[in-house]
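Let me give you the structure first, and then I'll get to my questions.
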Amino acid sequence: MEIGWNSQKFLVKFAILWAMVLGGSFIFGQQHVAAASNSSAEFQVKAIPPEQQTTQNTNFFSFDLAHGQTAQLGLTITNNSNATQTFKVKPTVGVTNDQGTVLYSDTSKTRDSSLKLDFTKLGPEVKTITVAAGQTGTYTTSVTIPENNFTGAIVGGFYINSPSLNEAAMKKKSKKNSVSIRNVYSYAIGALINVGDVSTIQPNFRIRTVKPTVVNQKGAVVTNIQNFNANYVSGRKLAMTARVYKRGSTEKLFDNTVLNMNFAPNSNMNLPVSWGNTEMEAGNYTMKVTITRGLKSDMDHKVWHLTKNFTITPAQASRANQNPNLKKNYMWLIILLVVVLVLLVSVLLVYVYKRGKQTNTSAGKPQQRRKRKK
Amino acid sequence: MQVTSGKLSSLAKLAVGLFSMSAAAFFSLSNVQADSVDTAGAALSGSPSEQVNQIATDDTAAVGESQAGIGFEDGGIRIYAPSFNFGSLFAFSKGEQSVDGRYDQETPNNLGRRSLVVNDYSDTDGWRVNVGIGLFRKVDDSSKVLDVQHFTLRPGKTRLYYGTPQIPGTLDPQKVNWTGVYQYTDSSQSNGSIELKDKNNPNSSAEVNEGIPSTGLPWQYEDPSTAHDAADVVLTPFNDSVSSDDLSDNERKSDAYLQDTSQDAETQATHTSLLNRWLGKADSSLTLQGATLRNGFQEVWGSDGQDASGYYHGKGWWGLSFNKPGSATITLGDSVHETGQYQATIYWVLTGDPLGN
C-alpha cells in the first residue's frame, strides 16, 4: 500500500514525537520514590515528672510551683537502635502555631514581646547525652521560680532529637529508585507550670500587625494576634474569624475562620485571610477579628472584638499578585483595545475613502484622454 | 531544503523503528515495576503474634525477617512513619502525582509499609504528631531541587486501625511488666500466647493472649466510623539545608500539624491528633463497653484507670494507612525536572502536650 506524501509527513512527525516522549521518559524520566517500608523512631522518650506533678500517667510535665520553689524534671531516653547514639535535649518556650496548636519544639531564640518568665532561663539546660545500644539514659534538670510578683502560667518544654540517628538517616540513599523520602524523628515534651493563683489572670488578645503577603501563591493579608497575658486557652475552645473591609465600608471583602484552637500564654500567631484568585488592590482597609472562647453556655465563655486599619501600598499589592491563577481585571485593556480598534478602523476608512477618491480621479483622466484620441 | 519522496520514506521507516523501540522500552519498564510489586507484596509468615510485631517494624518486615517488634514499654510512646511511593515520575511530569497503587491492597506487609503508627502506653490525652518536609534535593548535587510545590496527606482517604491486646480479667494491667510483651526474639513464643510477669512479683506469671482474634489479623480492628474524616494536610517543602534538627519557623506554619477535628462517635470528644485515640467508656470492672461495641472485646488490656470524667482509657497502638491512591500526593510545578536521584526528608515530631485537650 502506497502512503501518500502528506501521510508520510504526518507519520514522521508523529513517530519522532512519540519516540521523543517515550524514549525520553525512559532515558531521563524514571524517578521513583523509595519503595522501602516504614521505619520507626529508634528511641523513646519518657517524662519523669517532679514530685509536684498534678497529672499522673502522662508523657508531659504539669505542676504548680510557688515563688522560690524548685522542681526536679527528668527524661529517660531509651536507645532502641543497635548502636550507641547521641541525644540532644533543648529546653524551649511554648509557642502557638498558625492553626492554634501549642508547640514545644521551637528552638529559635525569638521570644514574644510580652513574655515575662522564659522557661529556658529558669534552670533547664541544653545537654547532649550518649546512650549505648538497647540502654536507657537519663536527663535531669531543675526549674526554679524566681522571687518576684509573677502570677500566671509558664509554658515550655524539651525538644529531643538524635544527631547521630539523623546523620545516619541522611546517609541512607535509595539503591534502585530515583526519588526517595526518608524519615527523621524527634520528641517534644511539654511543661506547664502554674505559679500563684492562675485563675486571677485571664488570657487577653490584641492585634499586633496586619501585613499583605503571599500564602500558597495567593495574595493574602496576615494578622498577627498576640495573647499578651500569662495564661492559656486549652481544650480547643478558641475560634477566630478575621474579616477584611474596605475602610469605611460595611461590605465584607474576604474572611477566614479557624476553629478548635489552643493558645499558649504570652505568644502570638498569624491568622491569614486569602484573596484567593482575586487581584489585590492597593488602598485602605480595615481588619476585624472576632475571637470566641467556649460556647455561650460555658462558664468561661468570652468574646473579643479586635479592629485594626491597614494600608496596602501599590508595591505590596504588586508583590502579592504573583498568583499564576489570578483573575486579573482586564477591563481597561478591553476598553483600550476597543478604542484602538475604533481608531484603526476610522483611519482605515478614511484612508480607503481617500485612496478610492484618488484612484477614481487618476483613473478618470487617462480614460478621457483615450476617448479624445479615438 | 527540499526532501524527496524517497528520503521521506526512509525517514518514515526510521521513525517507525524509533517508535517501536521506545514503545518496547516503555513496556519493559512497566515489567520492571511489576516485578518489584511482587517482591514487595510477599506475604507475612508466622503466627499472628509475629505479624503484629511486624506491622510496625521497618524494612525487614517486607522480607519476612522479623526483628524486635513493637517494643511497648510502660508509659512509653513510639512512632513509626510510613514510606511513600509515587511510582514513576517522568521528566516532563507536572501537577498532582498520587501515591501509587502498589500497596492498595491492605495486606499486613503493605500496612506496615504505608502506615503511620503510634504505640502508646501512657495516658490517653495529650499526644499528637507534627510533621514537616524538606526540599527534594538531588543526591549528587544538593543545590538542585525538584520542583515539588506541595506534599499532601489526605486522612479522609486513609483507614484507621487500632489494637488493644487482651489479658485475662483477673490480671491487673497496671502491674504488668510491659517490657518484652511485644518483643519477640525467641521463635518459641509464636504460639499465640505469651507469658506476662507482674512487675511487683517477678515470680508470678499469667498466660496472655496478645489480643489477636484467632480468626483475624490485628489490623482488622478498623474503625468503621468516619471519625477520621480529617482535613487535608498540605505541606510545603522548606529549606532544610542548614539544620535538620530545628523545625522552628517551619513547624509553626499552619500546615505542619496533623490535626483531626473529628469527634468520637460515642463520647463526642474532639480528637486532637490525626490518629484517633480510643476513648471507650468503661465500668468499674474494667470491661470497656465501647470496646465491646466496636470489636467484640470483653476484656481489654491496658487501662489507665478512670479520668476525671469517669472514663477508662484503652492503651494500644493506632495506625493510619496511606495505602489508597490519592491518600498521599506530591504536586510538581511546571519546571522541567532535571534527571537524577532526589531525596527529601520528612520530620516527624511526637509531642506530649499538657494543653492538648
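All of these numbers come straight from a predicted model, not from anything done at the bench. Below, chains carry the letters A, B, ... as their sequence lines are ordered, and counting in each starts from 1.
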Requested in this report: Output the distance between atom CG (A/N262) and atom CG (B/D353), rounded to the nearest 0.5 Å.
Outcome: 7.0 Å
**Report entry** Criterion side chain to side chain contact (heavy atoms under 4.5 Å, CB included) against B/L355, the qualifying member of A/V233, A/T96, A/L192, A/T101
**Finding:** A/L192
Requested in this report: Go through the steps for B/W348 and A/V184 under the test side chain to side chain contact (heavy atoms under 4.5 Å, CB included), then give the verdict.
Outcome: CA-CA 6 Å; B/W348 301 93; A/V184 163; over 6 Å; no
Query raised in the report: When only pairs under 4.5 Å are counted, which of A/V155, A/I189, A/V102, A/I160 shares the most heavy-atom pairs with chain B?
Result: A/V102
Report task. Can you spot which of B/V349, B/L350, B/T351 makes a side chain to side chain contact (heavy atoms under 4.5 Å, CB included) with A/S186? Result -> B/V349
Report task. Count the heavy-atom pairs under 4.5 Å between each of A/A188, A/G190, A/G94 and chain B, then report the option with the highest count. Result -> A/A188
Query raised in the report: For A/V258, is it the side chain, the backbone, both, or neither that has a heavy atom closer than 4.5 Å to a heavy atom of chain B?
Result: neither
Query - Sub-4.5 Å side-chain heavy-atom contact between B/F136 and A/I181 - result: yes
Query raised in the report: Of A/F61, A/Y232, A/Y104, which meets side chain to side chain contact (heavy atoms under 4.5 Å, CB included) against B/P354?
Result: A/Y104
Query raised in the report: Side chain, backbone, both or neither: which part of A/A191 has a non-hydrogen atom closer than 4.5 Å to chain B?
Result: backbone
